[in-house]
Every structure is written in structure tokens, then in C-alpha cells.
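Side chains are part of it too, since the values below use all heavy atoms of this structure and drop only hydrogens, waters and symmetry mates. Chain naming here is simple, since letters A, B, ... match the order of the sequence lines and numbering starts at 1 in each.
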There are 2 protein chains.
Amino acid sequence: MASGAAYSRFVDRKPHELLWRRLSRLAGLAEGALSDQERSMIRQTCAAPGEVPAGAALYVEGEPLKKPGVLLAGWACRLRLLSDGRRQIFDFLLPGDLFGHPLGPEPFATTSAVTLTTVSIAGTGCLWEMVREPDRFPGLVRALAVAQARQQAGLLDHVVRLGRQTAQERVAHLLLELGHRLDEIGFPLGTYVPLPLTQEVMADALGLSVVHVNRTLQQLKRDRLIETRATSVRLIDPVALATIADFRLPPGRPAGS
Amino acid sequence: MASGAAYSRFVDRKPHELLWRRLSRLAGLAEGALSDQERSMIRQTCAAPGEVPAGAALYVEGEPLKKPGVLLAGWACRLRLLSDGRRQIFDFLLPGDLFGHPLGPEPFATTSAVTLTTVSIAGTGCLWEMVREPDRFPGLVRALAVAQARQQAGLLDHVVRLGRQTAQERVAHLLLELGHRLDEIGFPLGTYVPLPLTQEVMADALGLSVVHVNRTLQQLKRDRLIETRATSVRLIDPVALATIADFRLPPGRPAGS
DNA sequence: CGGTTGGTTGACTGTGTTCAACGCATGTGG
DNA sequence: CCACATGCGTTGAACACAGTCAACCAACCG
């Protein structure tokens, strides 16, 4: 089931190799989906990564999206603030994820994005070329489109969580989603994997209070469904969790490839 | 403020003219954004509209999206069912809205879509051409991209409603969103506009129980914020509603055009 | 007519919130 | 090295918003 075990961890290798691997999978599962030109483009993009500290904004709601990028290491999230201070987190950006690309022809950010850990990013300039000259990079454009479609699908899952699931189901569902995404970048499902989220962050993502997230996590631990260490979790029984959460694997990812 | 008053109602005119008008606005606000070729394409698309009864599925989650279309009259919604029968509605399709277009290169529906009223649709075959030969219809492709970006933005609003707003705020926010979308197609904000939603449908959209939707609507009526008739509503005080709901107008729509 | 669909109301329950306090680790400056 | 502050997790008690269950009504329709 866990397909990522065969890969070394995303963060353990040279960034451009891993990014290439990931974009290839996104672009079409065939490893030859990207041209040599695109491959060198990726290398160039990763040449000078930048560091961003935790808690910094990658971009802000309403501002023009002028700096598309790739997350090479660390976590971030997309969110919106209400006028009275309430906060809603839409989704999380993990290593290998693209961000800051406009969806339509209107290049304005519909959310803000904030780093949750120290983060290493690449691509501020190079990826911009790609967006403006799509014909030269068909594989990359395809990978970008797939990534955006996935993000969209993730949003739909999130709506279901918030609209129709209980606290336990929400937490289980989110952990499974993150677990599977981490599995794809080299942290096998069922082992201890990084989860650099405070309970407050989880609360703001799941539409719950911090206190209730805390109690719900404790319940999952008591039921021997998960284990936690400092900033990592282990999903002890992903199948039982999936049953609780009504979790369905996203399509397009054959089990044994 | 209400910009739609200058237009006749979407459903009162010849479908292709109104669709052309709407797509022009989406494509770039300038009325000349669509070519003659595209205009005739639109006419051709609307030539043989089909009727679909209420409660029918336009497409089903997981199936390949082979029939893109346009809603010419009536309402529909996109939704997903949980395995135990719970239901979550993601958004609503109003006259003039496009549906069934794949987002990425993977042409599988991520939701189901169901009609809420009798519905008139067009484009099953013609729009498919457009998607396959985007170079011949640049304006239409642009309009489609803008429409999808808007739908995406609507989903973000929906996440905020479900995650961080109270029942009253949710109802007010949804009514405002629909009110503004109806305004765009010729039903001025502040007047009686059609709202063919049962309270159960609103409940499944807003993540509430039917009973609670009922009580919340009554409260809004008692506070003289809305009035309802058989299947229509009037937003008596949109400004007060917007304050309650922390509602922000989507950008890209100048106030007086 | 009786059946159905959608809306309304009341009483009761419960899931999740709020408020407040405390523990614990980490960091920092005197 | 200690005093203090800060961030995060944990716990308890009281409360409230919203859900559930059940009954009833009105309109519509075959």
C-alpha cells in the first residue's frame, strides 16, 4: 500500500533531483514525461534556494501573485483571517508543493500563505518564465495543472470534513490526508512521520477549538489509533482510521507504482 | 451598487445573446473580448437546449467528464455523499454557469452535480470542441478559466463559512453570495429574487440541521433583514447582512459598470 | 381523498466552546 | 545560576449552540 518506502526521503537528496522526480510523477507517472530542457530548468530553479523563517508570509490575500515558487523543505499553510481575528486554514503546503501560481488570468491571491516552520523555497524567478512561455515547458505546465487539480480536490475534502464530520472524524481524516501525502515524498505510512503542527493550527484548519483538538487527539491515542512524539505522529492503524473518517484515497495513484 | 439592474433578466432573452454577454464579461469586461467565430460558436451551442427534470444527476463523482455544458435556466448544485448517507453540498450552479469541464488533465469528476429545479442546458457537444481546440477560441477559454477561478474562490468562502462562522453568519453569507450572483444575471440586489432551495438543501450546504436552518431564517426575518415568499427572497438590508456575515465582495467587478 | 413534500414548533440532549488555571520545556537577561 | 517570560499542551467546570426526536400543519397532487 505505502508506495513511498522505495524512495529515499524528499529532504535527504539533492533538491533538484527530487523535485524532478515528483514533477515527473505529477506530469504523467511515466518518468520520461519531462524533456531535457525542462529538467535543466528544474536544476536551474533549485540552484539558489532561499530560507524563510517560521511564521512569515509567503504571500498575502489580495496582492498580485508575482513570485511563484516551490517548497523544498518545511511546511506552510494557506489561510484567511476574519475581521474579528478568527482564522481559517485551507490546506497545508509540504515539501515538493508548488505555490503562488495564479489560477485564472486574474493574478491576485485569494488567500494568504504563512510558513509553519523554517522553510526553504526556490523558483522565484525561473518559474515565472515557465508560466509566461508555456509552450516551451509542456510537461511542467501539465504537472502544475495536475498539482492545482489536486489542491482543488483537497479543498473539497476539507469542505466535507468541516460541514458534515464530527471532531474525531475530522482529525482522523486530516491525519490520513497528510499521512498519504507524506508517504508520497518518502515517509512511509504507518511509521513515525513529521507533523510540525501545533494543536492551535490543527484547530484553525478543522474548525474546532484548541481544547477540543487536544481531547480528540488524546482519545485517538487511548484507542491506540495513533502515537505522537515531539513533532511527529505515527498512524498505528490507518485502516481503522480510514473507516472512522470515511476516508477515500484520491484516484490517479496506482497502488504499487 | 447593484449593477445588474441595467440588464434584462438572463432568462427573459434569447439564450445565446445572454450567454454571449455573460461570457464577454467573464472574458474581460470589454464587450469585444470575443471574436465573431466565438460568437457564432455560442449561438450554435445554444441552438438545441435540452431539458432536465429536477433531482436528476448532471454527472456523477468518479465518472469521466465527457459532457461539458452551460446552464441556461434553472438551478443545480455540486455535492458529495458520505457512505452513511450524510450529504455535503459544495456550491450552486445558476443560469449562465458552466459545468462539467475538467480542471486538470485528469478528466474525472471530483463531485456529483444534481439539478434542484427543472433545468435547461446546452453545449453537450459543441463545447467539447472548444476544450480540444483552445487556440481557435481564446476568448472562450479565458472566460472558462475565469469562471473556474471564481468557483474556486467561492469554495474558499464556503470553507470559511463552515469552519469559523455561526449558523446566522453562514446563512447570511450564503444569501449574500447568491444575491450578488443573481444580481449579475439581472435580478437586482434588494429586490425579490428567486431562491429555489429547500431548507434541507441549505442545511446540507451550510453544515447545519434542517431544523436549525429554519430557526435561523426565522430569526433573520424577525430582525427585518430578509423577507421570503414561496420560492424567493428579498435581502432587505444587504449592508447589515454583510456586517453580520463578514462578507466581502469578490474583486474584479467594478461597482458601476 | 390519502399520500407526500416541505415547513414549523417544542422538549430534550449532546457535542463542542469558553474560561480559567496549571504544568512543563525552552529561552533570556541580570 | 536563578528569576522570569513565553509557547504549547493539559485539565476541569460551566455553558451554549446546534442536533435529535417527534409531532403537527399546509400545500400540492395523483
What is the distance from CD of Q219(B) to P of dT8(C), rounded to the nearest Å?
14 Å

Donor-acceptor pair, distance only, cut-off 3.5 Å: does the side chain of T117(B) make one with the backbone of W75(B)?
yes

Where the side chain of T115(B) meets the backbone of P53(B), is there a donor-acceptor pair that is under 3.5 Å apart?
yes

Going by heavy atoms closer than 4.0 Å, what residues in residues 75-94 of chain A are next to DNA chain D?
none

State whether R248(B) and D246(B) are salt-bridged, where the test is any N-O pair (Lys NZ or Arg NE/NH1/NH2 against Asp/Glu carboxylate O) under 4.0 Å.
yes

Provide, to the nearest angstrom, the distance between the CG atom belonging to L195(B) and the C1' atom belonging to dG7(C).
15 Å

Aromatic plane relationship, H173(A) with F247(A) - under 30° parallel, 30 to 60° tilted, over 60° perpendicular
perpendicular

Heavy-atom donor-acceptor pair, R22(B) side chain to G96(B) backbone, under 3.5 Å:
yes

Would you give the length of the straight line joining atom CZ of R87(B) to atom CG of D204(B), rounded to the nearest 0.5 angstrom?
4.0 Å

Salt-bridge criterion met for R78(A) and E61(A) (N-O under 4.0 Å):
no

Between the two end axes of the helix from dC1(C)-dG30(D) to dG30(C)-dC1(D), each built from 5 base pairs, what angle do you get to the nearest 10°?
30°

Among L65(B), V70(B), I121(B), whose side-chain contact (heavy atoms from CB on, under 4.5 Å) with F99(B) holds?
I121(B)

Measure from CD on Q199(A) to C1' on dG9(D) and round the result to the nearest Å.
6 Å

Please report the distance, rounded to the nearest Å, between CZ in R229(A) and P in dG9(D).
17 Å

Sugar-phosphate or base contact per nucleotide [nucleotides 11-22 of chain D; S, B, -; heavy atom under 4.0 Å]
BBB----BSBB-

Using whole Å, report how far CG of L116(A) lies from C1' of dC8(D).
15 Å

Note: A149(A) and L103(B) closest approach over all heavy atoms is CB-CB, 4.4 Å

In terms of heavy-atom contacts, G74(B) and P95(B) come closest through O-CD, 3.4 Å

Decide if atom CD of E200(A) counts as having more than 12 heavy atoms of other residues, nucleotides or ligands within a radius under 6.0 Å.
no

Given atom CG of L197(A) and atom C1' of dG7(D), what is their separation to the nearest angstrom?
16 Å

